Amino acid sequence: MGTGMYKYLLCWRYLRTRKIALASIISVMLGVATMIVVNAVMAGFADKMRTRLKGVLSDVAIESADFDGFTHPEEIMALVERVAGDKVEAMAPTLETMGMLTIVAPNGYKVDRPVQILGVRPEDRAKVGDFAEYIVDAAGRKLPPSLAVPAELRFDSDAGELLRGMDKDDPMYEATKQMVDETTPDEGAIVGYALATHHLAEEHRDIYLAGPGAKVILTFPSAGRTPKAQQDSFTVIGYFKSGMSEYDSTHVYIPLERLQYLRTAGERVTHIQIKAKPGVDLDQLARTIQLELDRIRPIFFRVQTWEQKQGTILAAVALEQSLLNILLFLIIAVAGFGILAIFSMIVVEKTRDIGVLKALGASTSGVRGIFLGYGLSLGLVGSGVGMLGGLLFVRYINVIEGWLSALTGRKVFDDTIYYFDSIPTLVEPWTVAWIVGGALLIAVAASVLPAQRAARLHPVQALRFE
């Protein structure tokens, strides 16, 4: 047996025969696995949220400080093109205002809801974000970015029902068709999914308050020194379903030119959405545009990146993840105290054995190495099994969720709340590495004090120990 081999043999013997060490291994394993699962789920949700926020908002936005907005947006876009044209991929003007959406529900009741009305050119808006990805019909199918009212939706009315039941040779057919055209608004609206539906919790389904082809009324203030209430009706042609309740429950998209005509009687807009080219520093781009706009009209324009605009919610998610990591890491710290207690007990129990080893020539560093190696072994086994268990749990988390839902009789992860088809996860190798490394460090650190105490034992005193 080679010199120093006794250290490894004793470590292996203690690891196999001392059942109390199993408690420490399980503690480390559960701590590591829990932290990996929680971090993967939190990172998955955060990644989905960031992707959707960025898609809804665009990379950079120029916003007017005035409620009435600003005229000649093409001049502002030309200025942006001049100072940062090589960094900009697309731009889209937008007119935003607060208002009220009125829906006549199928049961006859009138529903009024506060909304954010956005006047857009759908094709342009789709170029600066993921606007087109979130436009769906009643069946959940994607629709093209357009606010034109399809011909088939003009017949989703009482007159339309009458028209469908008539023969084209009927003398009244043309008159009825004209009535359908006159009573159906020419302007289409894309309504937030949560605005247009009502969720039936007991039946786990949504019913439409404003189905495709339904007429909705928008009321909003006009621009100017003395705002007046403006009102117009629109035909629902689709739904905006981004998965972010902040937008799905407030946003209504209508044609930009129509909103400009009704609200400002001009070409005013309140925002210009900008999509940057890949790899561009968004903060630097925003600063460049802001400096140039301040030269022509100080304090009137505000230029923000999507992260700056949603800084509060992003910071809240990051803080929540940090606090959860601190709390969960305490599980591993508890395991560390368990290792400390176990090792201290082993040193006391094995004092005579330590004396024999030192009398036979074992060095101080060799005895110290036994306990440090034992602590490292506990950490390696616990963190290794925990890592494999955590990664497997993340891999099959949706299968496990299905089993738990079937077992409890209720959905553990309700996709109607989060709009996700499955639980999002994102495993970051660096995060797994620091979790496993932290567990190993705690296990070894907890064994240092008992190892030092064992190493300092005098052979004669240790042999006399009772």
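All values below were derived from every heavy atom in this structure, side-chain atoms included, with hydrogens, water molecules and symmetry-related copies excluded. The structure displayed is predicted, hence computed values, not measured ones.
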Peer 1: Do NZ/NE/NH1/NH2 and the carboxylate oxygens of Lys127 and Glu89 come within less than 4.0 Å?
Peer 2: no
Peer 1: Looking at every heavy atom in both Ser222 and Phe67, which two are closest together, and how far apart are they?
Peer 2: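 What the structure gives for the nearest pair is O-CE2, 4.3 Å.
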Peer 1: Using modelled atom types and a 3.5 Å cut-off, is there a donor and acceptor pairing between side-chain atoms of Arg302 and backbone atoms of Glu63?
Peer 2: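 Such a contact is absent between Arg302 side chain and Glu63 backbone.
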Peer 1: Considering all heavy atoms of both residues, which atom of Val236 and which atom of Gly211 are nearest to each other, and what is their separation?
Peer 2: CB-O, 3.8 Å
Peer 1: Under the side chain to side chain contact (heavy atoms under 4.5 Å, CB included) rule, what do Gln308 and Asp283 come out as? Steps first, then yes or no, please.
Peer 2: CA-CA 9 Å; Gln308 292 168 344; Asp283 292 323; 3.4 Å; yes
Peer 1: Do the non-hydrogen side-chain atoms of Val269 and Thr94 ever get within less than 4.5 Å of each other?
Peer 2: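 Contact flag for Val269/Thr94 side chains = no.
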Peer 1: Take atom CZ of Phe300 as the centre, draw a 6.0 Å sphere, and report whether it contains more than 12 heavy atoms from other residues, nucleotides or ligands.
Peer 2: yes
Peer 1: Provide the closest heavy-atom pair for Gly188 versus Phe234 in the form atom of the first, atom of the second, distance.
Peer 2: O-CD2, 4.0 Å
Peer 1: Tell me, do Val111 and Thr102 make a side-chain contact under 4.5 Å, heavy atoms counted?
Peer 2: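 They are not in side-chain contact.
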Peer 1: Between the side chains of Glu267 and Thr71, does any donor sit under 3.5 Å from an acceptor?
Peer 2: no
Peer 1: What are the two closest heavy atoms between Val427 and Ala40, and how far apart are they?
Peer 2: CG2-CB, 4.2 Å
Peer 1: When the aromatic ring centroids of Phe301 and Phe70 are compared, is their separation below 6.0 Å?
Peer 2: yes
Peer 1: Can you check side chain to side chain contact (heavy atoms under 4.5 Å, CB included) on Ile254 and Ile190, steps first, answer last?
Peer 2: CA-CA 7 Å; Ile254 62 175; Ile190 296 172; over 6 Å; no
Peer 1: Please round to the nearest 0.5 Å and tell me the distance separating atom CD of Gln273 and atom CH2 of Trp306.
Peer 2: 14.0 Å
Peer 1: Whether the side chain of Arg125 engages the backbone of Phe131 through a donor-acceptor N/O pair (distance < 3.5 Å, no angle test) should be reported.
Peer 2: no
Peer 1: Check the side chains of Arg287 and Gln290 for a donor-acceptor pair under 3.5 angstrom, ignoring hydrogens and angles.
Peer 2: no
Peer 1: For Asp248 and Ser242, does a side-chain donor sit closer than 3.5 Å to a side-chain acceptor?
Peer 2: yes
Peer 1: Has Asp294 got a side-chain atom pairing as donor or acceptor with Pro298's backbone, closer than 3.5 angstrom?
Peer 2: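 Such a contact is absent between Asp294 side chain and Pro298 backbone.
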Peer 1: Is there a donor-acceptor contact under 3.5 Å from the side chain of Thr270 to the main chain of Glu96?
Peer 2: yes
Peer 1: How about Trp434 and Met35: do any of their side-chain heavy atoms sit closer than 4.5 Å?
Peer 2: yes
Peer 1: Identify the heavy atoms of Val37 and Val394 that sit nearest to each other, and give their distance.
Peer 2: CA-CG2, 3.8 Å
Peer 1: Can you name the closest pair of heavy atoms from Val303 and Leu293 and give their distance?
Peer 2: CG2-CD1, 3.7 Å
Peer 1: If we only count heavy atoms from C-beta on, is the Val120 to Leu147 side-chain gap below 4.5 Å?
Peer 2: yes
Peer 1: Is there side-chain contact between Val191 and Leu101, with at least one heavy-atom pair below 4.5 Å?
Peer 2: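 The answer is yes, as the side chains (C-beta and beyond) meet within the 4.5 Å cut-off.
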Peer 1: With the side chain counted from C-beta on, respond yes when Pro221 and Thr97 share a heavy-atom pair under 4.5 Å apart, and no when they do not.
Peer 2: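 In short, these two side chains touch, coming nearer than 4.5 Å.
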Peer 1: Quick one: does Glu81's side chain get under 4.5 Å of Met91's, heavy atoms only?
Peer 2: yes
Peer 1: Checking the side chain of Asp59 only, and the main-chain atoms of Ala276 only, is there a donor and an acceptor separated by less than 3.5 Å?
Peer 2: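 Flag set: sc Asp59 to bb Ala276 pair under 3.5 Å.
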Peer 1: Indicate yes or no: at least one non-hydrogen side-chain atom of Glu292 is less than 4.5 angstrom from one of Arg82.
Peer 2: yes
Peer 1: Checking Thr219 against Gln231 for the side chain to side chain donor-acceptor pair (under 3.5 Å) test, could you report, in this order, the C-alpha distance in whole Å, the side-chain angles of both residues, the deciding distance, and whether it holds?
Peer 2: CA-CA 4 Å; Thr219 306; Gln231 192 175 81; 3.0 Å; yes
Peer 1: Could you give the distance from CG (Leu209) to CD1 (Ile207), rounded to the nearest 0.5 Å?
Peer 2: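 One finds 6.0 Å between CG of Leu209 and CD1 of Ile207.
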Peer 1: Starting at CG of Leu285, measure out to NZ of Lys277 and round the result to the nearest 0.5 Å.
Peer 2: 11.5 Å
Peer 1: Would you find more than 12 non-hydrogen atoms of other residues, nucleotides or ligands less than 6.0 Å from Leu319 atom CG?
Peer 2: yes
Peer 1: May I ask you to check whether Phe240 and Tyr253 place their ring centers less than 6.0 Å from one another?
Peer 2: yes
Peer 1: Going from CE on Met42 to OG1 on Thr425, what distance comes out if it is rounded to the nearest 0.5 angstrom?
Peer 2: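 The distance works out to 13.5 Å.
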Peer 1: How far does CG of Leu95 sit from CZ of Arg121, to the nearest 0.5 angstrom?
Peer 2: 11.0 Å
Peer 1: Whether the side chain of Asp281 engages the backbone of Gln284 through a donor-acceptor N/O pair (distance < 3.5 Å, no angle test) should be reported.
Peer 2: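 Such a contact is found between Asp281 side chain and Gln284 backbone.
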Peer 1: Nearest 0.5 Å please: distance from the CD1 atom of Ile400 over to the CZ atom of Arg395.
Peer 2: 11.0 Å
Peer 1: Could you give me the CA-CA distance, side-chain angles and deciding distance for Leu118 and His251, then say whether side chain to side chain contact (heavy atoms under 4.5 Å, CB included) is met?
Peer 2: CA-CA 7 Å; Leu118 297 94; His251 278 198; 3.7 Å; yes
Peer 1: Under the criterion salt bridge (Lys or Arg N to Asp or Glu O under 4.0 Å), I'd like the reasoning laid out for Asp232 against Arg258: C-alpha separation, chi angles, the key distance, then a yes or no.
Peer 2: CA-CA 10 Å; Asp232 199 9; Arg258 184 62 179 169; 2.8 Å; yes
Peer 1: Is the gap between the ring centers of Tyr239 and Tyr134 under 6.0 Å?
Peer 2: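 That pair fails the under 6.0 Å test.
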Peer 1: What do the steps show when you test Met387 against Val432 for side chain to side chain contact (heavy atoms under 4.5 Å, CB included), and what is the final call?
Peer 2: CA-CA 8 Å; Met387 180 183 69; Val432 174; 3.9 Å; yes
